[in-house]
Every structure is written in C-alpha cells, then in structure tokens.
Amino acid sequence: MAEAADFQGTSPSPARRWLRRTGAVLAGTPLLTGLLQLPAASPAEAATPAAPRAASDDGSVAVSVDSLTPGAPAEGDTVTVSGTVTNKGKKTVTDASVGLRVGSLLDTRSSIDTVAKNSDDIGSPVGAEIDDKYTEKFSKLTPGVSQPYTISVPADELDLGQDGVYDLSVTLTGETSDQPWEQTLGVRHTFLPWQPDEADTKTKTTFMWPLISTVHMTAETGSDEEQTPVFHDDELAEEISPGGRLDRMVALGKDLDVTWVIDPDLLASVEAMTTRYEIPGENADDKNAVGGHQAVAKRWLTEVQKAVADKEVVALPFGDPDLASLAHHGTSVTGSLRHLKEATDVAAGTVESILHVTASTDFAWPVEGAVDPSIIKVSTSAGADKVITRGDTFEGGRDLTYTPTAPRPIGGGTTAVVADARLSTVFEGDMARASASTQAVQRFLAQSLTLALQTDRPRSVVIAPQRTPSAAQAQTMAEAIGALQDSTWSQPQDLTAAAKSKPDPDAGTEVPPASAYPKSLRKQELPRSAFEQIARTQDKLDRFKVILSNPSRVVTPFGRALNRGMAASWRGRPAEAAIYRSGVETYLDTLSSQVRLIEKSDTKLSGRSATIPVTVQNNLVQGVEHLVLRLTSTNPTRLEIDGNAYEEQPIAVSGGHSQSVKFTTNANANGRATVVAQLYTQDGRPYGQPVTFDVKVTEITATVMLVIGGGVLLLVLAGFRMYTQRKRAAARQAEEREQENAADAADADAGDAKNPEASERRPTQESAPDTREDAPEQPSDPAPDTAPESADPSGTGERVDR
C-alpha cells in the first residue's frame, strides 16, 4: 500500500512559499539548458560538475557515521560528524580525503526511505563538497585498517536553504595504484533536518514507552504460608539489574515525555522477587535454588515508581495476551474470552498497588498494530474502546497528500489510534553499532520533520515501537525522543489526549479485511490447541477450587499462569509455549491428586449386616470440604448399602490428615459383590479416581443355626445343673454353720454366766463380699481401645466390623 503522505504540502508562510517557487525556477534553469545540449548531462552531473569519478571497484572503502551532533541544528550551531573509514579492498589507498557534501532537499517521506536503503551506494547522487578546509586527509589507508575521522562545520557554512530534510553524505576520495586518479571510494548518506525557526503549527507527538518482558513465573508456589513463588529461570533478574534491558528502559524513560505502557505481569513478577523465590535446579534431583536478587528487585521497583510519577500510564491486560491469536483461534474455544476479561480486570489494580498510580485500561495493543474485524471485536470485548493500530496495516485515506491525524472512529464507539509506521519501526534492528544507531536517530528526525511540513493542519502522531526493545534500541530511542522534544516542529502529548483529538474527516476509517492480515504474523500465532489446553486446565481448576477451604491460594496463581499462557511474547517460540502450558496443567493435576481415596483389598462379610470403612487422604497443606463420598454396590440384590444401592456421606479432611468413613451394609445372599467408592463435589461432579473392591458374602445357614442352638441349649442345661448343685451345697454349709453357731452359743452362755463383762466386749461378726483387686477378669469386661486406623491399603481378606 502506497504511503498516503509522499507529497509535501504548502509551507507555513507566504514568504516561504515565495522562496520555494524561486528556488524551483533557479533549479530548473540549468536543467533546461542541459536538455538542449548534446550529449545530455545527468542531473547529478549538472548539480555537481566537479565531483570525482566513482571507482570501478565500488565501495572499496567503508564509511561510517557514528555520531552527528546536533541531530537537528539551528542557526549558529556547529555540526560535528565523526566516524571511521575502513579500507575493505586489497590495495592501499593514497591521498585519501574525507569530506561532507550537502545534497538535494528530500521533500517526501518515501525519498527518505530510498536514501536510507541505498545509504552506502557510491553510485547515488551526492552534492558538492563543502569548503576544502572542512575535510580530513589521510596519506594512505592500509587494507583492513580503520581510521577515525571528525569533521566540524558551522551550520551557516552548509548553505542550507528552505526548511526541510537534506541529504548529508560523507565521502572518501583517494587513489589506488591501478587507478591513479581522484575517485570516490566510499560514501555514507545520512539526513540533516533543518528548521531553525519555531513552526507555526507544531505536530503533537506521542511516544509509547513499553515496559514489557517475557513470561518468567510458573504456577507453582511453595507450601509455606507465604506461598514462595517459583520462577522457571532467573533471566528477569538480569533484565532489572544495573545495565540490564529493563533497567535501561527505566533509567532512560524517566527523563522523557512519554506514555508508559506496562504489562502488570512484569510488575507482579518483580514484586514476587522482593522477598524469596525459588528456581528449579538443572537436574530433577536438585533442590530448588533460592533466588538472591531481592535488593535488585526492590531497587528497580523504586526507580519505576519515581519514573512514572506524574506521567501517563497505560496498563495492558495482565500477561499481555496475544489478541490476534485469540481472535483467530481462541474465540471458538469456550471460556477463552473469560481469561481476557480477567486479565483486564486485575490490570489496573496490580499497577496501582505496586506503583501507586492510576493506570488507564482503555487501550488494546495487538501485535505490531495489525488488525482485522475479528481482532477489533476481541480487543474491545474486555472493555477497551481504543485499539492501537499501525499505518502500514490501516488505510490512510483516499487522495491524501499528508499523513492524517492518529484517531479514527471505526464504529461502535471504538477508536482506532493509528501509529505512524515509519516512525514506529525505525528503531528495529541492531542498534548496538554506533553507525546504525546514529542513522536511526537521523532518519527518525527526518521523517518527523517531513511529516510536519506536509500541511498546516493540527495533527496528533503516535509512535508505537517494538514491544521489548533491547538496551541498545532503548538508548537509540531515548536519543531520538530527546532530540525531537528539543526541536522546533514537535511537542509531546499523552496517548489519551491523542486518542481524544479531533479526527480527520478525510482519513480512512475502514478496518482492513481478514485477508489483509500479514501472513508473516499469522504464522507466529498461538494455535487452537493452545486455547483448548488452557480451557481444559481451567475446567480442572474449577473442579478443584470448590473443595478447598482457602481456594485463593490456588485460584490466584493458576489464574495468572493461564493468562501468561496466552502472552504475545510466546510468538516465534511454540515449543517453549507448549512446555509452559503443559507445566501448568501437570502441576494442577499433581495438586488435585493429593486428595484421594486409599485403595482397599477385597473384603469378607460374615453375617447379614456389617460396616465397611473407606479412607480419604488429604496431603494438601489446607483442608478440603464440600466433598461427598459415595459407596455404590454394583449388585444391590446381593449386597445393599444402608438399604439402598448406594449411600453418600459428606467429607471434610484437615490438611495433612486422613479420614475414615464407615458405611452400613446388608447381605441378602451369598456370593461376591463389587463395590465402588467415589468422591464427588457438591455439584455432583466426580472428583479423582474411584476405588473398586469386592465384598465376599458368606451368609449363616439354618443347619449351622440348629447346631449353634443345640450347643447353646446344652450350655444352658449345664449351667442350670451347676446352679442347683451349688445351691444344695450352700444349703448344707449353712445348716452346718447353724449347728456350729448353736453349740458356740451354748458354750458362750455358760461362760457369760461366769463372766458377764466378756459378753459386752465381744464384737458382732458380719459377712462381706469379696472385693479384692486381683479378682479374675470376667468375659463381659470392656476391651481396651484399638490403635488409630492406618491409611495404608487394607490386608488381603479384610474382615469388617459387624
């Protein structure tokens, strides 16, 4: 799609329009003269008749521009260019000279792109060299050797005319042994923006400053009261340490007028590092290593708090979910949009609790700003009414000779905030090289000025760079923003203000169709299977949480982990994403299996009724409740459970304990009956695996009853006989004692007659029952208490209580 703003509009003042027209006439005169001559001269030759011939060995010397200051000079400034020249050829270059040349005015944004694409092409046109005194000379350049150069020129000596962007090139001329004449051996084109006076209408520019990382936290937490978090790596510590990527983002952004765009998951992860966290060892048998970056995490969060104070903060949904993947593959999976809503709901609260600022959640940011109708629908489903898109995937408008303002109403109360594609993508690539960084800064300033000169209309421009800039890219971005904020044609603006600015009535508002969505981005999307796995894990979580006495200990870490499973940072890393999602599901399965039924062996039932114990084991830290244990007989005609086919009993087990539940059974016939024990949640959904065992019923027969009855009768008769015998013996003993007592009484009376006082002192004897403590134990005495029941599987041939 062609850039809508490749044609520059009128200048801000009548005087400038007169200068431009005059300049055009003067520039056209030599060209017309040249056309009347034979042979015809090229425009480049006409403009620079004294320029040296290009070398037949094109590009034998590499020229770099590592620094250009100031990036946008004003009157009275001195422009300083420095870099290196490197002889890439096989021959020594002699009489080498490095000079500056100011080329033509680049009055369209596409012409800037063309120069940038061919920045080292020695065949491209160059302007006339500035005065010879502003050159640096080298007697020779040895092959493979680099030489630094620095050239400083007063801006007044550059002979800059009207406002705009000029092609500034650094050239190296010299001779070689086989071509002993002056020739251009190397060139580097860059850009010099020139607008010394304040613009009548400044462009309002919004730069989004993203604070986003990849996923680092797992769903796993420690069993301690603090729920020690577990990270799958310690890379986040490197990013927030001094000199790390995120550390540089904060240090650079705090002095810039930018809108902070933050993933709350990043803040939550760093906050989790401020106390104690664990990292799995390299081997499965290794104990978890304790992360030791608490001080680093606290320092970084403190710096972020200072940086965002009094600045606009936009909070993305928690985990920065991939909206395009969700729109194209997730909406057909039940519950997927629920996760987006939850991620949005917790975003503002997370940012406020950690940074103590109020964040906006009105913006959605699809990957690279690419949208189609389904992405717009998903983006706004969680409450956002502004979608950040990009100009290379959103139509600019028909017959426009300028870049329209950012906001576009697209219906349904939704605004598409269209970021400028050229300004947003200029910082991509390797910015670690000084030459690449300098070129990106100058190209950014050039595009911004050219855009500002297109029209006198007031406009809002939004810049949405890559989501996770490197430290070098962040440094380059900061330099460009700093130069832009000091410029004469731009002023900073918050993202919310940009979205609320008056839309351009001529700008396009039609959302691109699904067929226009970039194929390169579609290949990187999360597949449908990813959302199916997330839905399956959520279903397991829903069943698990209802039995917990403190469900928040599980729901919160797993809910956030499911949000992370949809993160846009998984793009291009399908294997790592699958491992992460599987890890979340596996860990949930492990926790759920900690509440289970103890296996039972086959049971023997001797009699018509008995109780069967079933044990529930809870190895979780917290207690479980709201569970029902059901014992079912698969053959109720033979064995009933409390008079029915099954019986249910509520279950509540404390953390780290087991609970045995007894069921009453009734046997109706001999034989083997299969019994199934199963846990259920209160809503009737099965929980865990059932335990199945057999009960062997051995009913007592009539013959056995007769035998037992006869034995009992014999025992009764024998007891009765023993009773009568003992009664007769007792009577005889009583009679003998009476006779002895009578004789004793007679003797006593005779004695008392002789000694009356003795009869008064004699005590009366009474019989007493035997109360000795060592009396033999009787069969009816109660048995001692049994030991606590073991949670291990019962032994073979277990007999149950009757």
Side-chain angles (χ1 to χ4, degrees), residues 3 5-6 8 44 47 63-74 77-83 98-122 124-130 151-153 155 157-171 186-196 199 203 205 403 420-429 431 433-454 461 463 476-477 479-490:
E3 169 63 48
D6 275 351
Q8 187 169 326
V63 180
S64 71
V65 176
D66 298 338
S67 175
L68 195 162
T69 57
D77 288 341
T78 297
V79 178
T80 300
V81 181
S82 62
V98 179
L100 297 182
R101 300 173 184 270
V102 177
S104 60
L105 187 68
L106 305 174
D107 57 359
T108 65
R109 303 189 69 187
S110 59
S111 63
I112 296 175
D113 295 337
T114 301
V115 172
K117 184 178 180 181
N118 304 296
S119 62
D120 59 351
D121 182 7
I122 63 175
S124 59
V126 293
E129 187 174 270
I130 303 172
I151 301 174
S152 296
V153 182
E157 296 290 331
L158 295 176
D159 196 24
L160 302 175
Q162 66 187 83
D163 295 349
V165 176
Y166 290 86
D167 178 2
L168 178 67
S169 57
V170 180
T171 59
V187 66
R188 176 65 61 179
H189 292 269
T190 188
F191 310 99
L192 190 65
W194 175 252
Q195 182 168 303
T203 302
T205 306
T403 301
D420 187 81
R422 287 186 170 97
L423 296 175
S424 298
T425 58
V426 71
F427 304 107
E428 296 176 356
M431 296 290 117
R433 293 181 297 110
S435 58
S437 176
T438 300
Q439 182 75 337
V441 171
Q442 294 308 121
R443 187 177 180 183
F444 175 84
L445 296 173
Q447 289 286 355
S448 176
L449 176 57
T450 305
L451 183 152
L453 293 174
Q454 290 172 342
V461 175
I463 302 166
T476 304
M477 288 160 51
E479 292 177 6
I481 298 171
L484 183 64
Q485 291 176 173
D486 292 336
S487 70
T488 59
W489 65 85
S490 176

Evaluate the criterion side chain to side chain contact (heavy atoms under 4.5 Å, CB included) for residue pair Thr205 and Ile463; output intermediate values, then yes/no. CA-CA 8 Å; Thr205 306; Ile463 302 166; 3.6 Å; yes
Rounded distance [0.5 Å steps], OG in Ser490 versus CD1 in Ile481: 10.5 Å
When you compare the side chain of Val426 with that of Gln447, does any pair of heavy atoms fall below 4.5 Å? no
Rounding to 0.5 Å, atoms CG (Leu445) and CG (Leu484) come to a distance of 6.5 Å
Atom CG in Leu449, atom CG in Asp163: separation rounded to 0.5 Å? 7.0 Å
Could you report the tightest heavy-atom contact between Gly103 and Tyr166, atom names first, then the distance? O-CD2, 3.8 Å
Please evaluate residues Thr450 and Asp107 with respect to the criterion side chain to side chain contact (heavy atoms under 4.5 Å, CB included), reporting the C-alpha separation (whole Å), side-chain torsions for both, the decisive distance (0.1 Å), and the verdict. CA-CA 7 Å; Thr450 305; Asp107 57 359; over 6 Å; no
Derivation and outcome, side chain to side chain contact (heavy atoms under 4.5 Å, CB included), residues Leu68 and Val79: CA-CA 7 Å; Leu68 195 162; Val79 178; 4.2 Å; yes
How close do Trp489 and Pro193 get, counting heavy atoms only, and between which atoms? CH2-CB, 4.1 Å
Quick one: closest heavy-atom pair of Trp194 and Ala155, and the distance? CZ3-CB, 4.3 Å
Contacts of Ser64 meeting side-chain hydrogen bond (donor to acceptor under 3.5 Å, both in side chains) (sequence neighbours excluded), chain-then-number -> Asp66, Thr84
Gln442 (side chain) donor-acceptor with Gly71 (main chain) under 3.5 angstrom: yes
Supply the atom-to-atom distance Ile130 CD1 to Arg101 CZ, rounded to the nearest 0.5 angstrom. 9.5 Å
To check you understand the geometry: which heavy-atom pair defines the closest contact between Ala446 and Phe191, and what is its length? CB-CB, 3.8 Å
Straight-line distance of Arg443 CZ to Thr438 OG1, nearest 0.5 Å: 14.5 Å
Heavy atoms, side chains only, cut-off 4.5 Å: are Asp159 and Val102 in contact? no
Between the CG atom in Leu453 and the OG1 atom in Thr108, the distance rounded to the nearest 0.5 Å is 12.0 Å
Can a donor-acceptor pair be found, under 3.5 Å and without considering hydrogens, that links the side chain of Ser424 to the backbone of Asp420? yes
Between Thr403 and Arg422, is the side chain to side chain donor-acceptor pair (under 3.5 Å) condition met? List the steps. CA-CA 11 Å; Thr403 301; Arg422 287 186 170 97; over 6 Å; no
The single option from Asn118, Val126, Asp120 passing side-chain contact (heavy atoms from CB on, under 4.5 Å) against His189: Val126
Donor-acceptor pair, Gln439 side chain versus Val65 backbone, under 3.5 Å? no
Residues passing the side-chain contact (heavy atoms from CB on, under 4.5 Å) test with Thr80, sequence neighbours excluded, are Thr69, Thr78, Thr150, Ser152
Considering all heavy atoms, the nearest Ser448-Leu423 contact: N-CD2, 3.9 Å
Are the side chains of Met477 and Met431 in touch, meaning some heavy atoms are under 4.5 Å apart? no
Side-chain touch Val170/Val187, heavy atoms, less than 4.5 angstrom: no
